[in-house]
Number of protein chains: 2
Amino acid sequence: MSRREEVIVAATELFARDGFHAVGMRAIAEAVGIRGSSLYHYFPSKLDLLHAIALDSTRAFIETQLPSVEAFPSYADRIRQLIQAHVLYFHVHRQEEAVGLRELQELRENAPARYAEIQAIRRSYQDALERMIVAGMAAGEFECEDAHLAALAVLGLVNSVNDWFRVTGHYTIDHVAVSYAQIGVGGILGGR
Amino acid sequence: MSRREEVIVAATELFARDGFHAVGMRAIAEAVGIRGSSLYHYFPSKLDLLHAIALDSTRAFIETQLPSVEAFPSYADRIRQLIQAHVLYFHVHRQEEAVGLRELQELRENAPARYAEIQAIRRSYQDALERMIVAGMAAGEFECEDAHLAALAVLGLVNSVNDWFRVTGHYTIDHVAVSYAQIGVGGILGGR
DNA sequence: GTCTATATTGAGATAGAC
DNA sequence: GTCTATCTCAATATAGAC
């Protein structure tokens with residue numbers, strides 16, 4: 001792992017726990033074993049560091065997700081797989097994804113172009129889900145009134161898991177992934 | 001409105017837009033028309049101010065929500081009403097609720113007792129919803145496998161609305177409230 | 001209840017040696 | 001690529017006058 005990657009990993013962990021503004025450059029540097037000023041060799045500013053984290057995590061998620069569904073013939077199975085993979089990925093990478101979701105507003109206020117870049121990627125994922133829902137409706141697999149609202153509902157559902165799931169709780173993440181896939185496809189989308 | 005309330009309103013607006021750590025005491029004071037040091041007459045610290053906002057907004061929400069459902073005879077109608085009222089309340093009070101949700105972690109790290117206090121209130125709401133689901137299942141109104149997981153799914157769904165809803169968009173908040181109530185009761189809970 | 005003045009600390013960032 | 005040293009600014013909070 002390059003030093004630059006080490007910085008990203010350390011910063012992600014700290015940002016996820018304490019929030020972007022609560023973490024100083026010195027704290028990030030200390031976690032890597034260098035001095036604060038050395039960070040500026042890799043990132044011109046703290047905001048650039050946040051941008052790198054948010055962009056990397058968003059890209060990695062999308063690039064993992066979308067190909068995972070192509071093998072399934074029915075739209076119901078594709079979306080079931082998408083939801084399961086989404087829940088599992090967000091659990092494994094919960095720190096990056098927490099930062100990517102929570103601190104997006106920071107970029108929105110202070111770096112609109114970079115915010116737009118990341119939002120466009122997220123949006124492409126949402127659109128892909130919505131197209132699957134529309135296609136599934138046309139194929140008679142789903143019964144729902146509004147594909148756009150249904151896509152938002154499914155994403156709201158899966159993104160909420162990390163707010164409450166703890167490995168010390170009563171469920172395994174695999175159980176939650178399967179259950180939420182059923183709630184999404186069988187419940188929200190009215191799939192058979 | 002008392003000055004103390006003015007401070008809370010101004011701080012809520014700023015915290016909601018920029019985040020707790022990005023807003024200085026001076027900025028809050030300026031929004032009210034006083035000096036930074038005068039804020040300490042009302043709140044002993046910035047964290048106390050955040051606690052007041054989070055506690056007030058959480059209490060106000062619960063006290064509005066739970067009585068609103070009592071008039072309905074069936075559990076399906078109660079939960080439908082609960083979801084609708086939840087979506088509408090979170091829209092009208094989106095600033096307070098955004099702060100109450102997003103900055104909870106700040107309290108969790110720096111004031112565990114106060115965090116626990118607020119979490120207990122939120123938990124009582126979640127438990128009330130879960131009991132309605134259990135009762136509805138017993139009455140044959142719902143078809144779902146796990147009331148606890150279903151309650152979490154419903155809350156995840158309704159809490160996600162403020163992440164994407166904009167008054168300038170294609171939907172009215174009333175339409176979303178009705179649609180999400182249907183998705184919740186007819187979809188997630190398998191209600192008839 | 002609000003002010004001025006200030007204590008104290010730490011932030012993000014830069015310059016320039018090595 | 002990392003360091004020391006430092007700039008500049010703003011943060012939370014306090015003391016004490018009015």
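The basis for the numbers below is simple: all heavy atoms, side chains too, and nothing from hydrogens, waters or symmetry mates. Predicted, not measured: the structure shown is a model, and the values here were computed from it. All chains are named by letter (A, B, ...) in the order of the sequence lines, taking the proteins before the strands, and each is independently numbered beginning at 1.
When the P atom of C:dA11 is taken as reference, atom CG of A:Leu50 falls 17 Å away, rounded to whole Å. One atom, CG of B:Leu39, and another, P of D:dT14, lie 13 Å apart when rounded to the nearest Å. At whole-Å resolution of the value, CZ in B:Phe43 and P in C:dT2 are 12 Å apart. Here the P atom of nucleotide D:dT2 and the CD atom of A:Glu30 are 16 Å apart, to the nearest Å. Between A:Asp48 atom CG and C:dG12 atom P there is a gap of 13 Å when expressed in whole angstrom units. Nucleotide D:dA13 holds its C1' atom 13 Å from the CD1 atom of B:Ile28, rounded to whole Å. The CD-C1' distance, from A:Glu6 to D:dG1, rounds to 13 Å in whole Å. Computed from coordinates, the B:Met25 CE to C:dA7 P distance equals 20 Å when rounded to whole Å.
Residue B:Glu130 places its CD atom among more than 12 non-hydrogen atoms of other residues, nucleotides or ligands, all under 6.0 Å distant.
Between B:Tyr42 and the phosphate of C:dT2, there is a side-chain N or O to OP1/OP2 separation shorter than 4.0 Å. Remark: B:His41 is in phosphate contact with C:dG1, judged by side-chain N or O atoms under 4.0 Å from OP1 or OP2.
Closest to the side chain of A:Arg3, out of C:dA13, D:dA13, D:dT2, is D:dT2.
The shortest heavy-atom contact between A:Trp164 and B:Leu149 is CH2-CD1, 3.7 Å.
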Heteroatom pairs (N/O) under 3.5 angstrom, protein to nucleotides 4-6 of chain C:
from: C:dT4; atom 1: OP2; to: B:Arg35; atom 2: NE; distance (Å): 3.0
from: C:dT4; atom 1: O4; to: B:Ser37; atom 2: OG; distance (Å): 2.8

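Connection of A:Phe72 to A:Leu66 is not established within any shared hydrophobic cluster, with ILVMFWY side chains joined at heavy-atom distances below 4.5 Å, either directly or through further cluster members. B:Val23 and B:Val9 sit in two unconnected hydrophobic clusters of ILVMFWY residues. Membership requires side-chain heavy atoms under 4.5 Å apart, directly or through other members.
A salt bridge is absent between B:Asp127 and B:Arg131; no separation between the charged side-chain nitrogens and carboxylate oxygens falls under 4.0 Å. Looking at B:Arg94 and B:Glu97, no side-chain N of the basic residue comes within less than 4.0 Å of a carboxylate O on the acidic one, giving no salt bridge.
Aromatic ring pairs are classed by plane angle as parallel below 30°, tilted from 30° to 60° and perpendicular above 60°; the pair B:His91 and B:Phe165 is perpendicular.
Using a 4.0 Å heavy-atom criterion, one finds that A:Val32 contacts no nucleic acid atom at all.
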